[in-house]
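This report refers to the structure that appears directly beneath it.
The first residue of the sequence shown is numbered 1, and numbering continues consecutively from there.
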Amino acid sequence: MLTDNPALLDHWYVVAESDDVAPGPLAVRLLGRDLVVWRASSGELVAAPDRCPHREAPLSAGSVSDGCVECPYHGWRFGEDGRCVEIPSSGAGRPVPPAAHLPTVRATERYGLVWLCLGDPVADIPAMPAEDDDAYRRINSGVDVWSTSVTRMTDNFLDISHFPYVHIGTFGIAQNTDVPTIEMEPLDDDFIGYEYEVEVRNEQGAVASGLDGAVITRRMSTGFHLPFTVRSTIHYETGLDHLILLCSTPIDDVTAYFTFVIWRNDDFSVPGEEVIVFDRAIGAEDKTMLEKVRGVLPLEQRATVSVQSDRPSVEWRRRFAALLG
Ligand code: FES
Ligand code: FE
């Protein structure tokens, strides 16, 4: 199982949006483990195995009050840092057994998203400077579950040769099948990728691009941050920047959470939900395709045939295989 690889424990993954938690408890699943997330009275997130240490009831089926999650079975309560703060059947004065405290995992919030790390993070969450730039607004999309492997998703998000096929219903142009030579390079400190120009159908008109033509040119970059985060930047000639962070999280080998976040330096006049209609439709096209492809993408390069347009994926696979050890 790919998701049993211990190296994957030491990275951050998105499991929900911040709004999904408040106050909790929220059940999530990461790398085959069931977890519960709630908000302590300090406002900090707490994440722990979704298993009460008393008789293994799922804490996510309980409730949160005063920053504590209460088990639905016998009412044990757990607060900040997962500490068991109350065992009703013990009355006052009887000590809480040390093993009653929950072994929490790291949890943090960034970009309106909840990120968890089951081990000791070896890399930070990738930086998106637009988050702190007043010229940009952030639009979150919600978290979806895809019945596919995160390896296939990352491969797909780095690939532009599927545009005229998979995305023919949105921005793809049938005759634009040729992919120019791709050179992989560090895009900045956090992402490795490539820059390119692509003609796209301007299906959504001025809402997405600020331009009116039927076909417009996008100046783009696409890159990855190990293990499974991909960023695409779109620059239009009007000066509009549309940045997309694509977050794929392994629920298990063949199931994943998917969410995307957008930053745009537009005039904020079009409601965010309207702006992302097009990106949602594009994501749905990828999802439909990937859910037809079985299993995990082989990491052994010779197990599949790659051509020049697959350079980004080949480079990602090489680095991802090295990360796995
Ligand atoms: Fe949770 Fe008993 S199983 S309190
Ligand atoms: Fe796609």
Sequence neighbours excluded, every pair satisfying salt bridge (Lys or Arg N to Asp or Glu O under 4.0 Å) that has a member inside residues 26-48: R29-D34, R39-E109

Would you tabulate the side-chain donor-acceptor contacts of residues 170-181 under 3.5 Å, counting partners in other chains and residues two or more places apart, or write 'none'?
| from | atom 1 | to | atom 2 | distance (Å) |
| --- | --- | --- | --- | --- |
| T170 | OG1 | H167 | O | 3.3 |
| T170 | OG1 | E285 | OE1 | 2.7 |

Members sharing W263's hydrophobic cluster (side chains within less than 4.5 Å): W12, V14, Y111, L113, W115, I125, M128, Y136, L187, F191, L243, L245, V261

Heavy-atom donor-acceptor pair, D10 side chain to A7 backbone, under 3.5 Å: no

Can you give each donor-acceptor pair under 3.5 Å made by side-chain atoms of residues 84-97, sequence neighbours left out, with the distance rounded to 0.1 Å?
| from | atom 1 | to | atom 2 | distance (Å) |
| --- | --- | --- | --- | --- |
| E86 | OE1 | R77 | NE | 3.4 |
| R94 | NH1 | S90 | O | 2.8 |

Those residues that, when tested against D120, pass side-chain hydrogen bond (donor to acceptor under 3.5 Å, both in side chains) (two or more places apart): R106

Electrostatic pair E131:R138 at N-O distance under 4.0 angstrom: yes

D159: side-chain hydrogen bond (donor to acceptor under 3.5 Å, both in side chains) partners, not counting sequence neighbours: S161, H162

Polar side chain donor-acceptor pair, D66 to S41, under 3.5 angstrom: no

Partners meeting side-chain hydrogen bond (donor to acceptor under 3.5 Å, both in side chains) with D266 (sequence neighbours left out): R137, R264

Within 6.0 Å of CD in E80, more than 12 heavy atoms from elsewhere: yes

Q301 side-chain N/O to V314 backbone N/O, donor-acceptor pair under 3.5 Å: yes

Side-chain donor/acceptor of R201 to backbone N/O of I168, under 3.5 Å: yes

Contact list for residues 141-155, test salt bridge (Lys or Arg N to Asp or Glu O under 4.0 Å), sequence neighbours left out: D144-K287

Residues forming a side-chain hydrogen bond (donor to acceptor under 3.5 Å, both in side chains) with T108, sequence neighbours excluded: none

Residue list, ring pair (Phe, Tyr, Trp, His ring centres under 6.0 Å) with F258, at least two apart or on another chain: W146, F157

Show me the donor-acceptor pairs, under 3.5 Å and distance only, between side chains in residues 220-235 and residues at least two apart or in other chains.
| from | atom 1 | to | atom 2 | distance (Å) |
| --- | --- | --- | --- | --- |
| S221 | OG | T233 | OG1 | 2.6 |
| T222 | OG1 | Y196 | OH | 3.0 |
| T222 | OG1 | S232 | OG | 2.9 |
| H225 | ND1 | D190 | O | 3.0 |
| H225 | NE2 | D124 | O | 3.2 |
| R231 | NH1 | D188 | OD2 | 2.7 |
| R231 | NH2 | D188 | OD2 | 3.2 |
| T233 | OG1 | S221 | N | 3.4 |
| H235 | ND1 | D241 | OD1 | 2.5 |

Side-chain (D253) to main-chain (T3) donor-acceptor, under 3.5 angstrom: yes

Counterpart residues, side-chain contact (heavy atoms from CB on, under 4.5 Å), relative to A61 (two or more places apart): P58, P72

